[in-house]
Amino acid sequence: MPRTPHASPDAATAFDRQVSNLIELDYPAASGLDVERFAALLAPLREAAVAATADMADPADTADPADPATDAAGEPGGEAVTGRVPFVLVVTRSVVPIEETMPRTTLHRGRLPGFVDRSFEPGALERFVATDEVALPGHDAYLLLDVERGEEFCGAVPDDALRTIADRGRTPLTIEEGIALITHFPQVLVKNKCFSLGGSRSGDRRVPALWISQKAPKLGWCWQSNPHTWLGVASAGGRRAATPAA
């Protein structure tokens with residue numbers, strides 16, 4: 001029996017909301033594009049979002065629209081946050097630099113802008129790139145699917161958590177993906193449930209991470225062998241580029 005596309009209409013609504021969110025945060029200006037050209041860059045991913053949500057094996061595997069922790073588009077809402085979302089629209093650093101996207105984040109109901117920790121020496125962010133194991137499907141923008149912030153790995157050694165994630169057929173998040181997650185879903189970043197972004201590495205022992213500092217999101221890093229009780233490892237089920245034109 002063919003699978004029913006259980007969330008396709010809501011996926012389209014959720015996608016449009018994420019595009020609108022980026023426009024409201026002035027991503028077009030930061031990218032050097034006008035609003036129309038910026039929206040046109042992302043528009044081909046709308047169909048991919050609908051298809052990706054329909055392809056998910058079971059509605060129970062993603063956020064449940066009937067759950068009080070989610071809204072009608074299957075997105076986290078209210079105070080009961082699951083830490084898991086069906087998809088996230090990612091705009092890469094080739095369109096808007098990390099130094100521009102991080103200050104456009106805030107905590108849920110917060111006002112202070114996110115920031116990059118000073119422990120990143122000059123030029124360091126450019127060296128934190130996707131690992132060989134992370135296959136990015138798009139140069140400018142793409143969808144991140146079946147995303148979990150990974151609080152089950154709080155207190156685990158990051159290297160051990162990354163092996164478990166790989167064994168499950170999942171993939172760790174990159175810096176841009178982590179920023180995209182908290183840009184669209186600031187509710188996901190909460191005290192004692194922060195997360196590492198093991199999909200970006202710089203060739204040394206540092207693992208980038210997002211946590212809360214000075215009442216704002218902070219992009220920092222931790223050593224790959226050091227566990228923290230408040231820091232998990234975020235992961236995703238996959239990535240998808242725009243649906244090819246017929």
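Remember, it's a predicted structure, so these values are computed and weren't measured experimentally.
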Do T92 side-chain atoms and H139 backbone N/O form a donor-acceptor pair below 3.5 Å?
yes
Kindly indicate, with the supporting measurements, whether the criterion side-chain contact (heavy atoms from CB on, under 4.5 Å) is fulfilled by I23 and V19.
CA-CA 6 Å; I23 292 172; V19 173; 4.0 Å; yes
As an exercise, state the distance from CD of E100 to CG of L25, rounded to the nearest 0.5 Å.
12.0 Å
Taking all non-hydrogen atoms of both residues, which atom of A11 and which atom of A49 are closest, and how far apart?
CB-O, 3.9 Å
Could you point out which residue of E176, E177, R240 forms a side-chain hydrogen bond (donor to acceptor under 3.5 Å, both in side chains) with Y142?
E177
Between R170 and E152, does at least one N-O distance fall below 4.0 Å, as a salt bridge requires?
no
Restricting to non-hydrogen atoms, name the atom on D140 and the atom on S94 that form the minimum distance, rounded to 0.1 Å.
OD1-OG, 3.0 Å
Which other residues end up in the same hydrophobic cluster as V233, if Ile, Leu, Val, Met, Phe, Trp and Tyr are linked when side-chain heavy atoms come under 4.5 Å apart?
F153, L162, I165
Transitive ILVMFWY side-chain link L219 to V129, under 4.5 Å:
no
From the list L197, L136, T131, side chain to side chain contact (heavy atoms under 4.5 Å, CB included) with T174 holds only for L136
Report yes or no: do V157 and W223 belong to one cluster of Ile/Leu/Val/Met/Phe/Trp/Tyr joined by side chain heavy-atom distances under 4.5 Å?
no
Do V188 and F195 have side chains that approach each other closer than 4.5 Å (heavy atoms only, starting at C-beta)?
yes
To the closest 0.5 Å, what do you measure between NE2 (H228) and OG (S196)?
7.5 Å
First locate atom CG of L173, then atom CD1 of I179, and finally report the distance between them rounded to the nearest 0.5 Å.
11.0 Å
Are D34 and P28 close enough that some pair of their side-chain heavy atoms sits under 4.5 Å apart?
no
Okay, side chain of T106, backbone of L112: is any donor-acceptor separation there less than 3.5 Å?
no
Straight-line distance of R104 CZ to E24 CD, nearest 0.5 Å
13.0 Å
Closest non-hydrogen contact found for R46 with A12 is NH2-CB, 3.5 Å
With a 4.5 Å heavy-atom cut-off, do F38 and L22 have their side chains touching?
yes
Would you find more than 12 non-hydrogen atoms of other residues, nucleotides or ligands less than 6.0 Å from E47 atom CD?
no
Of all heavy-atom pairs between V134 and P172, which one has the smallest distance, and what is that distance?
CG2-O, 4.3 Å
If you define the side chain from C-beta out and look only at heavy atoms, does anything of I212 sit under 4.5 Å from L189?
yes
Presence of salt bridge, R127 and E121, under 4.0 angstrom:
yes
Please report the closest heavy-atom contact between P103 and P113, naming both atoms and the distance.
O-CB, 3.2 Å
Interatomic spacing from OG in S20 to NE2 in H184 - rounded to 0.5 Å
10.5 Å
Is there a path of hydrophobic side-chain contacts, each under 4.5 Å between heavy atoms of I, L, V, M, F, W or Y residues, that connects V190 with F115?
no
Given 3.5 Å as the limit, does a donor-acceptor pair link the side chain of Q18 with the main chain of L89, or not?
yes
Who clusters with W211? Use side-chain heavy atoms, under 4.5 angstrom, across I, L, V, M, F, W and Y, and order the result by chain and number.
W230, L231
Does any part of the side chain of I98, heavy atoms only, come nearer than 4.5 Å to the side chain of F128, both counted from C-beta?
no
Between the side chain of S200 and the main-chain N/O of I175, is any donor-acceptor distance below 3.5 Å?
yes
Do C222 and V207 have side-chain heavy atoms sitting under 4.5 Å apart?
no
Given side chains that start at C-beta, do those of L210 and C194 come closer than 4.5 Å, heavy atoms only?
no
Which pair of heavy atoms, one from L143 and one from A48, lies closest together, and at what distance?
CD1-C, 3.7 Å
Are side-chain heavy atoms of T101 and Y27 found at a separation under 4.5 Å?
yes
Verify, without hydrogens or angle tests, whether R93 (side chain) and L125 (backbone) share a donor-acceptor contact under 3.5 angstrom.
yes
Under the side-chain contact (heavy atoms from CB on, under 4.5 Å) criterion, do D10 and T53 qualify, and how do the steps go?
CA-CA 9 Å; D10 286 341; T53 308; over 6 Å; no
Is there a donor-acceptor contact under 3.5 Å from the side chain of N21 to the main chain of T183?
yes
